[in-house]
Every structure is written in C-alpha cells, then in structure tokens.
Amino acid sequence: MDIMSKLNFKTIEWKDDFVRLIDQTKLPGELTFYDCHELADFIDAFKRLVVRGAPAIGVTAAYAMAVASIKGWDMTKTAGELIDARPTAVNLSWAVKRMMALVESGKGDTISLMAEAKVIHDEDARMCESMGEIGDKLIKPGMRILTHCNAGALATGGIGTALAVIYVSHFNDKGISVWVDETRPLLQGARLTAWELQRAGVPCKLITDNMAASLMASRQVDCVITGADRIAANYDVANKIGTYSLAVNCNYHGIPFYVAAPGSTFDYECPDGRSIEIEMRVGEEITTIAGNRIAPEGIDTYSPAFDITPHELVTAIFTEKEMIKP
C-alpha cells in the first residue's frame, strides 16, 4: 500500500549537499520550502518548528551531520548544538549520536555519513508503515478516532506514527472518521493534521482542545491515538501539551488511549516521566495568533511545549515491532 504517493509531498528531502524541508510554519496557507545549508539554518528550523515531530527532527539532524562532514564543520561541536536545539525530542539526540558513533569509529567519512543519514530516513519510513499495520489490528470498522497535535507524514520520515494507524485503517476501507484537536498554542492539529487528512481523503472534523471531554461524555469518541516525543523506561509518555488531559479524560470515560512511536523514541536511560526535561516556549506563542495579539501587553505567561502522561493511563503503545501494554 503506497500511502505516501496518495499524500504527494516530501517533508524532508536530501539535495546533494543541503536539506530541503517543507516550511510547516506556512501551512496550511501555502506549501513552501526551507533550505538548510548552514548549521544556523538547521537550528532555526528546529526552534521555529519549520520541521517538528520527534522522528522528523531525528531524520533532519542525521542529514545535518552529513552536511557538517561535507562542509568540514567541527563534528563534535555541531552534534552538541543540534542536540541542544530541542531537548525533549529524544530522536534528535538518538540520530546525532548514531552519526557520531560512525565518526568516532574512524568510519565516518562523508560518503558513509550521507549513506547512514539516508538509512535512518528509510528506516523511519518503514517503521511508520509497520506501526500503522500493528495499530490497525485494534481499529474496528466505523471507529471515531480523536488525535492530538500532528503525528503524520509532516512529523516523520514516512506516513506518520498516530496518523499511520489512521491512514492504514482508512485505506483498508474500515470507514473510520477522525476528530482533530486544534492543539493550542501553535495549532498543529488545525494547521497540519487537518491539512494532511484532507489531502488523503480521510473524513475528519476539527474541534477545539476543550471540546474533547464533552465529545467523550456524549459517546462520540471510540479511541484516542497520539504520537510521542519521548517514552521513558517505565513507559511514561512525553508528548505535545494537552495529551495528558486527553489520557485523564479517556480513563474517566472508559475509552482506550493509544500511543504510536518508533523504537528511537524510547529512552531507556530515562527512568520515568519526572526525569524528562520539558522544553519551555516563548510567551508570544500564547499571547498572539498568526502575529495578532489576543492578550494584554505585559501579561506574564507559562508555556510548556509538552506534558507527561503516566504509563498507567496508556492502554497500548504501537511500535514498529510490537504492541506494548504498559
């Protein structure tokens, strides 16, 4: 099943000696691209969320290390600056460390690093398809699925994590439909997930984040599927802010709460969710929308990018290899 051809876009593309990314800050209004030639371009792309989603960040970082080799940058310094750009998404450090292992082994010539980055990209694409097939086994015909943030092709090197399950079920003609959380403050659900699902022809409806509990109470949600930015050794899950409240509401209403994530998102050196560093974002992301101020000047803000869902609230985790029930 070639789902990528149905979506008809490439989130990350290698171009000889630079990386071309879809500029996700411009979606859904326009499909434009952001080219990364210098280290500052990659750092900017990570911090401004030109590229986002743990697997996509990891793939991009791997290509950044290949560019570093081509251009003769200090590899150790480059690795450190890339890892520091987004501290919560473990795929970033995982990919950079995998590339650095080649360098430190003495086998990290430019051709080898370029090949390894492509392998990481291809592996992620295959993992996405496998996750989708594993998760699809629990999706019944006609299910109404709620998802949060964007865990689709825009967030990975393939068809997605949470959306991979949705895509496989949709193209298996299960007649599913999707509730799309808008995902404040940066509206990745409204801007990105809705855009992807529409391109794929998946029936979907957009809701504000604070409508989810009401939908659950009226029995209009059959399951929730999200992605993850980091999963601790005890299966606590770090994901986009708002995920934890969905899991709490699922628990109260007796609705399955599923997480889809590749093996690279698991951090077995991190014992539990309390040990995960939560990235804090600038206040302007919640005081403005599309550059328009919606809060009074000078108001203080608190803006964590992620929250932690305890493993007790997770019904199952879909990986590329298995289904885990914490």
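Residue numbers start at 1 and run along the sequence shown.
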*Could you check T319, V314, I231 and say which one makes a side-chain contact (heavy atoms from CB on, under 4.5 Å) with I324?*
T319
*side-chain contact (heavy atoms from CB on, under 4.5 Å) with F42: which of V67, V51, T78, L21?*
V67
*Output the rest of the hydrophobic cluster of V90: all Ile, Leu, Val, Met, Phe, Trp and Tyr residues reachable through side-chain heavy-atom contacts under 4.5 Å, sorted by chain and number.*
none
_Hydrophobic cluster membership, with links at side-chain heavy-atom distances under 4.5 Å among I/L/V/M/F/W/Y: are L206 and I176 in one?_
yes
*Any salt bridge between E38 and K71, counting N to O under 4.0 Å?*
yes
_Other residues, nucleotides, ligands: >12 heavy atoms within 6.0 Å of I111 CD1_ = no
*R199 side chain vs N8 backbone, donor-acceptor pair below 3.5 Å*: yes
*Verdict with reasoning, M143 to C223, per side chain to side chain contact (heavy atoms under 4.5 Å, CB included)*: CA-CA 8 Å; M143 266 192 162; C223 73; 4.2 Å; yes
*asked:* According to side-chain contact (heavy atoms from CB on, under 4.5 Å), who are the partners of M211, at least two apart in sequence or on a separate chain?
replied: I207, T208
*Please check if the side chain of R293 supplies one atom and the backbone of T288 the other of a donor-acceptor pair under 3.5 Å.*
no
*Could you tell me how the ring of Y63 sits relative to the ring of H121: parallel (under 30°), tilted (30 to 60°) or perpendicular (over 60°)?*
perpendicular
*Is it true that E182 and R184 have a side-chain N and a carboxylate O under 4.0 angstrom from each other?*
no
*Would you give the length of the straight line joining atom CZ of R230 to atom CD1 of I276, rounded to the nearest 0.5 angstrom?*
6.0 Å
_Donor-acceptor pair, distance only, cut-off 3.5 Å: does the side chain of D272 make one with the backbone of R274?_
yes
*Can you tell me if CD on E30 sees more than 12 non-hydrogen neighbours from other groups inside 6.0 Å?*
yes
*Is there a donor-acceptor pair closer than 3.5 Å between any side-chain N or O of T11 and the backbone N or O of A153?*
yes
_Strictly distance-based, threshold 3.5 Å: is any side-chain N or O of W179 a donor or acceptor partner for the main-chain N or O of Q220?_
yes
Show me the side-chain donor-acceptor pairs of residues 131-142 shorter than 3.5 Å, one per line, residues at least two apart or across chains.
unit_1 : atom_1 : unit_2 : atom_2 : d
D136   : OD1    : S169   : OG     : 2.6
D136   : OD1    : K174   : NZ     : 3.0
D136   : OD2    : N172   : ND2    : 3.1

*Judged by atom type as modelled, is there a donor-acceptor pair below 3.5 Å linking the side chain of T243 to the main-chain atoms of K240?*
yes
*Looking at F266 versus W94, is the centre-to-centre ring distance below 6.0 Å?*
no
_Treating T301 as the side-chain partner and S303 as the backbone partner, does any N or O pair qualify as donor plus acceptor under 3.5 Å?_
no
*Indicate yes or no: does R126 engage E320 in a salt bridge with an N to O separation below 4.0 Å.*
no
*asked:* Determine whether a donor-acceptor pair (N or O, by modelled atom type, separation under 3.5 Å) exists between the side chain of D307 and the backbone of I241.
replied: no
*Residues in side-chain contact (heavy atoms from CB on, under 4.5 Å) contact with K15, at least two apart in sequence or another chain*: E13, F18, R20
*At what distance, to the nearest 0.5 angstrom, does CG of L113 lie from CZ of R98?*
12.0 Å
_Close side-chain approach of L82 and D84, heavy atoms under 4.5 Å_ = no
*asked:* List the residues meeting side-chain contact (heavy atoms from CB on, under 4.5 Å) with R48, not counting sequence neighbours, and say none if there are none.
replied: T25, Y34, D44, V50
*In terms of side-chain heavy atoms, does N150 have a donor or acceptor partner in R191 at a distance below 3.5 Å?*
no
*Under 4.5 Å between any side-chain heavy atoms of L154 and I22, yes or no?*
yes
Acceptor/donor pairs from residues 251-264 side chains to any protein atom, 3.5 angstrom cut, sequence neighbours excluded:
unit_1 : atom_1 : unit_2 : atom_2 : d
H253   : ND1    : N249   : O      : 2.8
S264   : OG     : N91    : ND2    : 2.8

*For the pair D222 (side chain) and R144 (backbone), establish whether a donor and an acceptor sit closer than 3.5 Å, ignoring hydrogens and angles.*
yes
_Treating T156 as the side-chain partner and G152 as the backbone partner, does any N or O pair qualify as donor plus acceptor under 3.5 Å?_
yes
*What's the verdict on side chain to side chain contact (heavy atoms under 4.5 Å, CB included) for T183 and L192, showing C-alpha distance, side-chain angles and the deciding distance?*
CA-CA 10 Å; T183 318; L192 308 178; over 6 Å; no
_Under a 3.5 Å threshold, yes or no: a donor from one side chain and an acceptor from the other, between Q24 and R52?_
yes
